[in-house]
2 protein chains.
Amino acid sequence: MLISEFARQAGISTDTVRFYVRKGLLKPEQSVKGGANPYQIFSEDHLDTARIIKLAQSLGFTLREIADLGEEYASAGMSLDRRLEIMRSQCDRFDAKAKQINAVRQYMRCKIAWMENGEKGPEPRFGNTACG
Amino acid sequence: MLISEFARQAGISTDTVRFYVRKGLLKPEQSVKGGANPYQIFSEDHLDTARIIKLAQSLGFTLREIADLGEEYASAGMSLDRRLEIMRSQCDRFDAKAKQINAVRQYMRCKIAWMENGEKGPEPRFGNTACG
DNA sequence: GTTGACCTTGGACCTTGGTCTAGGGTTATA
DNA sequence: TATAACCCTAGACCAAGGTCCAAGGTCAAC
């Protein structure tokens, strides 16, 4: 599909799509159409990538990190083992993120319980992970 | 404590602390010292706030969102019920974030399994949450 | 062959989240 | 009472992540 259709389906602007292409986050095919400035062709795979970019971004990864992470997509010539290694280390980063967020959630649940209980005793602090 | 000590303990620069104060994320007390430009006094509570700001930020919340979320800290005059309500809605936002990240983790684990299995069958897509 | 809807590049501009510098006041210690 | 080591404000500057034209090429349909 062409850029505007892709942008529509991905829920981002064509400007942003071009920005991502410049940054190496998306690597569209080149169409034979368009003469000296060939049109860019996007696929379902690219839509998948766009979804992950949006999510990773909303989780606080920078575009630079996402692009590095997206090496996966530039991995056509890599061995399966190498690609697996990359995927596993990416996975680790998301796991670390999950740990962070769960720490915050635990703290908040803990604080809510303290409030529900009439704010008796010391206010839970984020420092103490063990607040139950 | 004064700003430089606070900044040191919080692991951020004094410039950033002042920036956060301007943005309403931190609300230090005013010292009697300092004449026309009174010194700012920070407490353990503020350190706790700083820790949460850093974490929330690393999870992709904007400072604006964190400040709104931090209404809690400006809640001295609010009823317990109102504060509980705010805390619960904050908690919901973190829960939503946790769901997002778990979706990504599931996708990645799924993809790794597919690769470990020799990339047989269709490549898992992020769209399909059910990929086991 | 012209009209409208696309596409391209290039560069200016905006917001967010800081960082840095200048200029000046305050405090503690000697 | 002078000096170092703080504190304050105000404003310029920076990088990231976009956003918004302008100028021009292409395509499909009439």
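Here is how names work: the chains are called A, B, and so on, in the same order as the sequence lines, proteins then strands, and each is numbered from 1.
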Report task. May I ask you to say what A/T62 touches in the nucleic acid, namely base, sugar-phosphate or nothing, with a heavy-atom cut-off under 4.0 Å? Result -> sugar-phosphate
Query raised in the report: Separation of B/E5 atom CD from D/dC6 atom C1', in whole Å?
Result: 13 Å
Requested in this report: Provide, to the nearest angstrom, the distance between the CZ atom belonging to B/F6 and the P atom belonging to D/dC8.
Outcome: 12 Å
Report task. Five pairs at each end of the helix from C/dG1-D/dC30 to C/dA30-D/dT1: take the axis at both ends and give me the angle between them to 10°. Result -> 0°
Query raised in the report: Taking atom CD1 of B/I86 and atom CG of B/D81, what is their separation to the nearest 0.5 Å?
Result: 11.5 Å
Query raised in the report: With side chains defined as the heavy atoms from C-beta onward, is the minimum distance between A/I101 and B/F94 less than 4.5 Å?
Result: yes
Query raised in the report: Which whole-number value in Å describes the distance from B/Y20 OH to C/dT19 C1'?
Result: 12 Å
Report summary line: Given protein heavy atoms under 4.0 Å, the one-letter contact record of nucleotides 19-30 of chain D, with B base, S sugar-phosphate only and - none, is simply SB----BBSS--
Query raised in the report: Do B/M115 and B/K111 touch side chain to side chain, with heavy atoms closer than 4.5 Å?
Result: yes
Query raised in the report: Are any non-hydrogen side-chain atoms of B/R83 and A/E119 less than 4.5 angstrom apart?
Result: yes
Query raised in the report: Do A/R22 and A/F19 have side chains that get closer than 4.5 Å, going by heavy atoms?
Result: yes
N/O to N/O distances under 3.5 Å, protein versus nucleotides 3-5 of chain D:
none

Query raised in the report: Are any of the side-chain heavy atoms of B/D45 and A/R125 separated by less than 4.5 Å?
Result: yes
Requested in this report: Working to the nearest 0.5 Å, report the span between CG of B/L26 and CZ of B/R18.
Outcome: 12.5 Å
Query raised in the report: Between the side chains of A/H46 and A/T49, does any donor sit under 3.5 Å from an acceptor?
Result: no
Report task. Would you mind reading off the distance between A/M1 atom CE and C/dA5 atom C1', rounded to a whole angstrom? Result -> 19 Å
Query raised in the report: Quick one: does B/E5's side chain have a donor or acceptor within less than 3.5 Å of a partner on B/L2's backbone?
Result: no
**Report entry** Phosphate OP1/OP2 of D/dG18 contacted by A/Q57 side-chain N/O (<4.0 Å)
**Finding:** yes
Requested in this report: Would you check if A/Y39 and A/I3 make a side-chain contact, meaning some heavy-atom pair closer than 4.5 Å?
Outcome: no
Requested in this report: Compare all side-chain heavy atoms of B/K97 with those of B/F61 and state whether any distance is below 4.5 angstrom.
Outcome: yes
Report task. Report which part of the nucleic acid A/T14 touches: base, sugar-phosphate, or nothing (heavy-atom distance under 4.0 Å, all strands). Result -> nothing
Query - Within 6.0 angstrom of A/E29 CD, more than 12 heavy atoms from elsewhere - result: no
**Report entry** Phosphate OP1/OP2 of C/dC7 contacted by A/S4 side-chain N/O (<4.0 Å)
**Finding:** yes
**Report entry** Interatomic distance, B/Q30 CD vs D/dC8 C1' [rounded to whole Å]
**Finding:** 11 Å
Report summary line: To the nearest angstrom, the CD1-C1' distance between B/I12 and C/dG17 comes to 12 Å
Query raised in the report: Roughly how many Å is it from CZ in B/R18 to C1' in D/dA10, rounded to a whole number?
Result: 12 Å
Query - Most 5' of A/L63 and B/Q40 on DNA chain D, judged by nearest nucleotide - result: B/Q40
